[in-house]
Amino acid sequence: MVAVGTDGDGIACAQLDAEGTVLRRESIDRVALSGLARTAVDVRWVWSDTAHWYPSLLDAGVRVRRCRDLRLCHAILRDSTLVAEPAAVRAARAWDVAAEVDSGAAPPALFAIAESAGEAAPPHDLDEVLAELARQRDAVASAAERGRLELLCAAESAGALVAAEMRAAGLPWDVAAHERILEDVLGRRPAGGGMPEHMTALAAEIRRHLGDAQASLDSPAKLLRSLHRIGVQAESTSRWELRRFEHPVIAPLLEYKRQSRLLVANGWAWLDEWVHDGRFRPVYVPAGVVTGRWASSGGGALQIPRLLREAVRADDGWTFVVADVAQLEPRVLAGMSSDAALARAAFGRDLYAGIVDSGAVATRAEAKVAMLGAMYGATTGESGRLVPRLRRAYPRAMKLVDDAARTGELGGVVSTWLGRSCPPASEGWQRAQRQAAGETGSAMDRDRARRAAGDRGRFTRNFVVQGTAAEWALAWLGEVRSRLESLGSVGAGETAPRSGPAMADRAHLAFFLHDELIVHTPVRQADAAAAIVREAAASAGRLLFGGFAIDFPLDLKIAPTAAKE
DNA sequence: GGAACTAGCGCG
DNA sequence: AAAGCGCGCTAGTTCC
């Protein structure tokens, strides 16, 4: 291990043995740091924050193999109920910082390590880095399931490397294809920044039906009043609500909303702002979601509409491996609960078909809403009605989510398979429960408290499943990343220079979204990359669930665009 | 003129 | 045909 941090005005490195004892410490300049990282390939780097240190190394053309991201691991260990002695980690409040929210306007300059003023950041000082590393080692050592926490910290740190690398590489984006889609759907781009052709025509038609040439279509409150005036008594202007009414205004209005959404979220302005030199480079925020899922900041990376997937196009001579896991969450639930019956239904491609085959429900559609209902906490409607059938068919799996919900309703904390714990009930939540339970609690207080308890129960019910699915995905991602490394580089004539100096010479991850990933690969490495993606999925399953036999089949294709056929 | 809010809809 | 989890983003609105 080599820890790196600031030291006065400069940078210093400390070489550590396996126990974390400092063997050597020396000042180092930034060029020498990237030189060291380039040559010392087997080192695990210990640093405050991957988002702070790694981009400049990538800009210098250097990948690192392994790291420990102290900021991310701090958050895990601070909150995990597996840690028996969390006091020291919890006391180190300087590490309680969320990810830097970089607007992403420009990649950080080479070796620019100064924080922008006022931006929260973890301590980068080497002495403090070493102190935090020691605290974290002690915390893990005190844990009941130390292997799980170690695995989680390693996977989380590997994910942080992937996030920085994917931003450096970017997602190959075909601007012309995107513009073709915009013109197909929206019509010609307005010259002076006005409304596109098709939207203009739809707006005129809608206003004619509304009998008001000035009607506002973009303000929900005003639009609702206009609809009421012509007898459409909708309660909101949402798509689901509007669909219930039969009136000639509805169809053009729904189409207008669809187009407006595309224009506003991913129109020409989005292209100008977010796609440069044939790459979309969003900021990924590992563990940005409370469950451990990634978030993103800027560009809406996690909300790219399916319609635009065909604008995701590989470089010349390169192609994609596009893969996603079918029904990840129920599979993970089977693994966590060792529910052999659910695991049996999960063998093969389609878990929902497996549930139907087991006789628990009659149709695939029923299996799906029932399973989602079980994991989200549905109580009413078709979904709520079907959940009891799953309870009979898969009692172990259902007990796990039901127990998580019960714990949450009572104000307790639940944890994922590898030990990420959910936040405790807020002060306001507990106050509401006390208020309702007390002598003076009114019916309204009790109602409010019951609702809050239910909300928290559904949150904790879903937390264990969503969070463990995020852990499986991190393990998959990390395995893909390290196995791609072994593919070796391609010749100078075959590189993808727009992917950045550190990523251009071989197959690399280009996109990740909860349960799917895209590898951008030279055509001649595509088959090998696809095999790696499959092997990594199997490996992730073994890593989390050991000998328990649960399948994680992939939908995988090798194709130059990300469009789903 | 900006912060904080809601509505609505995209993704899993 | 829609209630049940987690997000980010934009525009409109409200409030200071």
According to a 3.5 Å limit on both distances, what stems of 3 or more consecutive Watson-Crick or G-U pairs are formed with DNA chain C? B:1-12 with C:5-16

Tell me if the centroids of the rings in A/F545 and A/W417 come within less than 6.0 Å of each other. yes

Indicate, with yes or no, if the rings of A/F512 and A/W476 have centres closer together than 6.0 Å. no

Once you round it to whole Å, what is the distance between P of C/dA11 and CG of A/N266? 12 Å

Just the table, please: protein N/O against nucleotides 13-16 of chain C N/O, every pair under 3.5 Å.
| residue | atom | partner | partner atom | Å |
| --- | --- | --- | --- | --- |
| C/dT13 | OP1 | A/S219 | OG | 2.5 |

Can you check whether A/K257 has a side-chain N or O nearer than 4.0 Å to OP1 or OP2 of B/dG8? no

So what does A/L262 touch, heavy atoms closer than 4.0 Å: a base, only the sugar-phosphate, or nothing? nothing

Within this structure, what is the CG-to-C1' distance between A/L328 and B/dC11, rounded to whole angstrom? 15 Å

Whole-Å distance between B/dA7 C1' and A/D218 CG? 12 Å

Distance between P atoms of B/dG12 and C/dG4 (Å, rounded): 22 Å

Using a 4.0 Å heavy-atom cut-off to protein, can you give one letter per nucleotide of nucleotides 1-10 of chain C, 5' to 3': B if the base is in contact, S if only the sugar-phosphate is, - if neither? BBSBBBSBSS

Determine the contact category for A/R306: base if any of its heavy atoms lies under 4.0 Å from a base atom, sugar-phosphate if only primed atoms, P, OP1 or OP2 are that close, otherwise nothing. sugar-phosphate

